[in-house]
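Just so it is clear: chains get the letters A, B, ... in the order the sequence lines come, proteins before strands, and each one is counted from 1. Not measured: the values here are computed from a predicted model. Worth knowing before you read on, the calculation uses all heavy atoms, side chains too, and leaves out hydrogens, waters and symmetry mates.
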Amino acid sequence: MKEISKRYNPQEVEPKWREFWEKEKIYKFNPKAKGNVFSVDTPPPNISGRMHIGHAYSYSHEDFIARFFRMRGFNVFYPFGTDDNGLPSERFVEKKANVRANRMDRNEFIKLCIKTIQEIVPEFSKDWKNLGMSCDFSKTYSTIDDHSRKISQKYFIDLFEKGHAYRQEAPVVWCPHCQTAIAQAELEDKEVETLFNDIIFKLEDKKDLIIATTRPELLSSCVAVFVHPNDKRYKKLIGKYAQVPIFGNKVEILADKKVDPEKGTGAVMCCTFGDKTDVEWFKEYKLPLVISLEKYGKMTKQAKKYAGLSIKEARQNIINDLEKKKLLIGQKKISHSVNIHERCKNEVEILNSLQWYIKILDKKKKFIDLGKKIKWHPPFMRARYENWINNLGWDWAISRQRFFGVPFPIWYCEKCGEVKMAEEKDLPVDPLTDKPKGKCAKCGNSKFTPEKDVMDTWATSSLSPQLALRLFFDEKTSQRMTPMNLRPQAHDIISTWLFYTVVRSYYHFDKIPWKNVMISGHVLDPQGKKMSKSLGNAVVPQEILEKYGSDALRFWSAGSSLGQDINYSEEEIKMGQRTTTKLWNAARFIGMNVKKAELLKSTDTIEPADAWIIDELNKTIAKTTKAFENYAYAKAKEEIDGFFWSKFADYYVEFVKYRFFGEDVKSKKVGEKTIATVFFNIVKLYAPIMPFVTEEIFQTYFKHFEKLKSIHISKWPEEIKLKKSPDISDFASAIKAVDEIRKHKTKNGLSLGAEIDSIKLKTKVNLKKYGEFLKNVGRAKHLK
RNA sequence: GGGCGCGUAGCUCAGUUGGUUAGAGCAUCUGUCUUACAAACAGAGGGUCAGAGGUUCGAGUCCUCUCGCGCCCACCA
């Protein structure tokens, strides 16, 4: 047998096989290969940061499944792409190059973005390769490349033509810091301290009406005052008018059930727009639109003497002025939560502006129904999807007043404003530099204004099945391959990526995008807190990979069931490392004792111990296979671990030793075959979780079993059937007897290898059948 | 306030449709260098299954309520 290293060294072994897999194209997708296709809609990681531990965790999960199905004989379509447009990428480039997009030339900035991305993507993708991902990296997409822009624009045109996309001037969630509209899904909450101000509005009879507000700076946008219809204090005021302090205009006092009489003074001003309720009232009561806030977050002329001030400055100045006029009669410190933009963490406003939308509100029920057609792993994650849809309050705003994104393929007629779409054969287009063909369909004019906005990054990534499929297939085949088999992702983007992909798939193809979704949890620190750079409790996967290797990291990832958050535990990673060591040692043991490994033949005559381990193996194969088929990789790992450590290593290896060192050639031979067969299967069972050590063992010891380049394209284990097999119904008693002998030795401080003269067994065991076996395994001369 | 998940040994978790004395790993303690492995092995101790009530011959598992933790959403006047 080959001379091999005594210790397993992942730092040496892992790069070797990684290069080998790439060179030999082990994971290359072959459209003509046999077997049913199993397709994965791989999440394109966002390039705005390196792979973090949460990525390592959830990408491991999908790779387990992809590897399992590959070995199960499926033709696995497992593509890779990167998400590299939109605000996150802009912010990343701004930070890296120390520039601000809105202070530089648009084209220069876009060029800088593209250059930066080209520089970093190869290094960025390396982390995913180092993790051992079995994607086909030979063709990849980026959500900003020509390929993706073309698809994104094509399907936008499709939406428009089908009437699912519309442009409208309406209140929209606006980020004054990023100076763009954003979607509801991009909001986060933040708890802030603020002042609740009681302000006097004068009534027509000169009496006071006190309203409470946290946003006095919006007084100039006040268009009504609302009270609860049953509020006795205000009932008689309904329909009358109140005068807005400082600005002097009169607004009607209206009644609406949304007013909470308990809150503040029970009278509330409605401004266009302070919050979502204002928008609802604005629409419902057809209130006038009075804009006091412009897109940079500064006060407009409407705010008169406060024009040009920031929100905070205006608030302070108005409070001061109200105080001077004795119109501010109370102030209370409160803490409330406000919506912030997830990308920049700044408070958002609601602004009236012209934006493109994709209709979603009118199809809520449909999207919920589609969700029911998808198989969710774990099932309870569907509730989050439905919960999100039920709470949706806005259509999907997809235009962004930004620079680095997929442009809308649109011009507007200068004369009549009619939309002019690009033609499909010209895609991708940039309306800022490309000219539309032909004349305005409506008025015949031939001068056009380009659309400057770009699309929300999700508007492109929600087409990820198409982005991936079209790398390898024509349009017809791509559509035939939808729905894909699996969408793997983490739970934080159910309301964005997952939901939007369902929306797009429905509008374009009237189909669900995938048959299964697999939702991973998050990684928490050992105390159960969220890991984040800012808290300083984040672990860096690159360091773990370097120190312990990918197999060990993946082993840890496999440790919690699907959808569960996991606490980071270095101990568990060490356990993975120990498993690789244990596997390596077991392989070495076989290498030392078995000259040339052979597999059992169905006609071989085996001994009871062999039959027992084969039986246990068969049970393990059945359970592991079922678990993996249900995406329950944690259960699969548990089964394999249990069999390998507690059945194979702890017992079977000890059962077979005496035969290896003894004289009975026939018994020795069948023992050799059994141990090789069983261990070979163990290595295969572990292959999806720990691809490197299993490849090393396969290549070193078992390559001659199957004429294949890699274990990862070998056949998944199946039940081993032997024509004649001894009865092992009483083998448990033999194991019990072995335990008893071990206990006896431990109690007496003897080493397990020590020979003992005789032992009286309490265990009832058939000594005729197992006497010799027990004497040999237990190294006892006599048994009673 | 709504939705979802979780609460089992010191720690991390497993417990399939309710069915003997509740399991594993880590940690602890005691032994053992035994021809794969001391990064190992053998053995031992350790649990009112968050709490209360209910259904049942029988509940960690089903139902109701309470408490605690986490996530998502709403609340923003």
What is the distance from [atom1] of [X] to [atom2] of [N], rounded to the nearest Å?
X: Tyr651(A); N: rC41(B); atom1: OH; atom2: C1'; answer: 12 Å
X: Asn585(A); N: rC37(B); atom1: CG; atom2: P; answer: 7 Å
X: Ile389(A); N: rG2(B); atom1: CD1; atom2: P; answer: 21 Å

Does the pair Lys626(A) and Glu639(A) meet the rule for a salt bridge (charged side-chain N to carboxylate O under 4.0 Å, His left out), with working shown?
CA-CA 11 Å; Lys626(A) 197 180 157 204; Glu639(A) 291 295 337; over 6 Å; no
Please determine if Lys619(A) and Glu616(A) form a salt bridge, counting it only when a charged side-chain N lies under 4.0 Å from a carboxylate O.
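Salt bridge between Lys619(A) and Glu616(A), a charged N being under 4.0 Å from a carboxylate O: yes.
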Charged N-O contact under 4.0 Å between Glu386(A) and Arg382(A)
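A salt bridge links Glu386(A) with Arg382(A).
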When the [atom1] atoms of [M] and [N] are compared, how many Å lie between them, rounded to an integer?
N: rG46(B); M: rU28(B); atom1: C1'; answer: 9 Å
N: rC62(B); M: rU16(B); atom1: C1'; answer: 15 Å
N: rA59(B); M: rG54(B); atom1: P; answer: 12 Å
N: rG51(B); M: rC11(B); atom1: P; answer: 15 Å
N: rA27(B); M: rG10(B); atom1: C1'; answer: 7 Å
N: rC6(B); M: rG25(B); atom1: P; answer: 24 Å
N: rA52(B); M: rG60(B); atom1: P; answer: 13 Å
N: rG23(B); M: rU61(B); atom1: C1'; answer: 15 Å

So does Lys781(A) have more than 12 non-hydrogen atoms from other groups sitting under 6.0 Å from NZ?
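Counting neighbours around NZ of Lys781(A), 12 or fewer heavy atoms of other residues, nucleotides or ligands fall under 6.0 Å, so no.
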For Lys736(A), does the NZ atom have more than 12 heavy-atom neighbours from other residues, nucleotides or ligands under 6.0 Å away?
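For Lys736(A), atom NZ is not crowded (no more than 12 foreign heavy atoms under 6.0 Å).
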Scan [X] against the nucleic acid and name what it touches under 4.0 Å (heavy atoms): base, sugar-phosphate only, or nothing.
X: Ala212(A); answer: sugar-phosphate
X: Asp278(A); answer: nothing
X: Val259(A); answer: base
X: Phe661(A); answer: sugar-phosphate

Strictly distance-based, threshold 3.5 Å: is any side-chain N or O of Gln331(A) a donor or acceptor partner for the main-chain N or O of Asp198(A)?
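Checking the backbone N and O of Asp198(A) against the side chain of Gln331(A), no donor-acceptor pair under 3.5 Å is found.
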With a 3.5 Å distance limit and no angle check, can you tell me whether Ser646(A) reaches the backbone of Phe643(A) through a side-chain donor-acceptor pair?
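Answer holds: no.
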Give a yes or no on whether the ring-centroid distance for Tyr385(A) and Trp376(A) is below 6.0 angstrom.
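Under 6.0 Å, so yes.
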Is the Phe679(A) to Phe589(A) ring centre distance short of 6.0 Å?
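No: the rings miss the under 6.0 Å criterion.
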If each of Val653(A) and Thr581(A) is mapped to the nucleotide of RNA chain B with the nearest heavy atom, which maps nearer the 5' terminus, i.e. the 5' end?
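On the 5' side of the pair lies Val653(A).
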Below 3.5 Å is the cut-off: list the nitrogen or oxygen pairs between protein and nucleotides 72-74 of chain B, distance only.
{"from": "rC73(B)", "atom 1": "O2'", "to": "Asn391(A)", "atom 2": "ND2", "distance (Å)": "3.2"}
{"from": "rA74(B)", "atom 1": "OP1", "to": "Gln184(A)", "atom 2": "NE2", "distance (Å)": "3.2"}

Pairs: protein N or O with nucleotides 12-14 of chain B N or O, under 3.5 Å:
{"from": "rA14(B)", "atom 1": "OP1", "to": "Ser561(A)", "atom 2": "OG", "distance (Å)": "3.3"}
{"from": "rA14(B)", "atom 1": "O2'", "to": "Glu638(A)", "atom 2": "OE2", "distance (Å)": "3.2"}

Could you work out which one of rA36(B), rA39(B), rC76(B) sits closest to the side chain of Asp275(A)?
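So the nucleotide nearest the side chain must be rC76(B).
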For the side chain of Ser751(A), starting at C-beta, report the closest nucleotide among rU32(B), rC4(B), rA36(B).
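Nearest to the side chain of Ser751(A) among the choices is rU32(B).
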Reading RNA chain B 5' to 3', how would its secondary structure be written in dot-bracket notation, given Watson-Crick and G-U pairs with both distances under 3.5 Å, brackets [ ] for crossing pairs and | for partners on other strands?
(((((((..((((.....[...)))).(((((.......))))).....(((((..]....))))))))))))....
Give every residue pair that meets the side-chain hydrogen bond (donor to acceptor under 3.5 Å, both in side chains) criterion with at least one member in residues 671-681 of chain A, sequence neighbours excluded.
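Matches after skipping sequence neighbours: Asp604(A)-Lys673(A).
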Residues in side chain to side chain donor-acceptor pair (under 3.5 Å) contact with Glu191(A), at least two apart in sequence or another chain:
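Once residues adjacent in sequence are excluded, the partners of Glu191(A) under the side chain to side chain donor-acceptor pair (under 3.5 Å) criterion are Ser335(A).
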Is the Tyr57(A) ring parallel, tilted or perpendicular to the His61(A) ring (thresholds 30°, 60°)?
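The rings of Tyr57(A) and His61(A) stand perpendicular, inter-plane angle above 60°.
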Would you tabulate the pairs of protein nitrogen or oxygen atoms and nucleotide nitrogen or oxygen atoms of nucleotides 22-27 of chain B closer than 3.5 angstrom?
{"from": "rC26(B)", "atom 1": "OP1", "to": "Arg578(A)", "atom 2": "NH2", "distance (Å)": "2.9"}

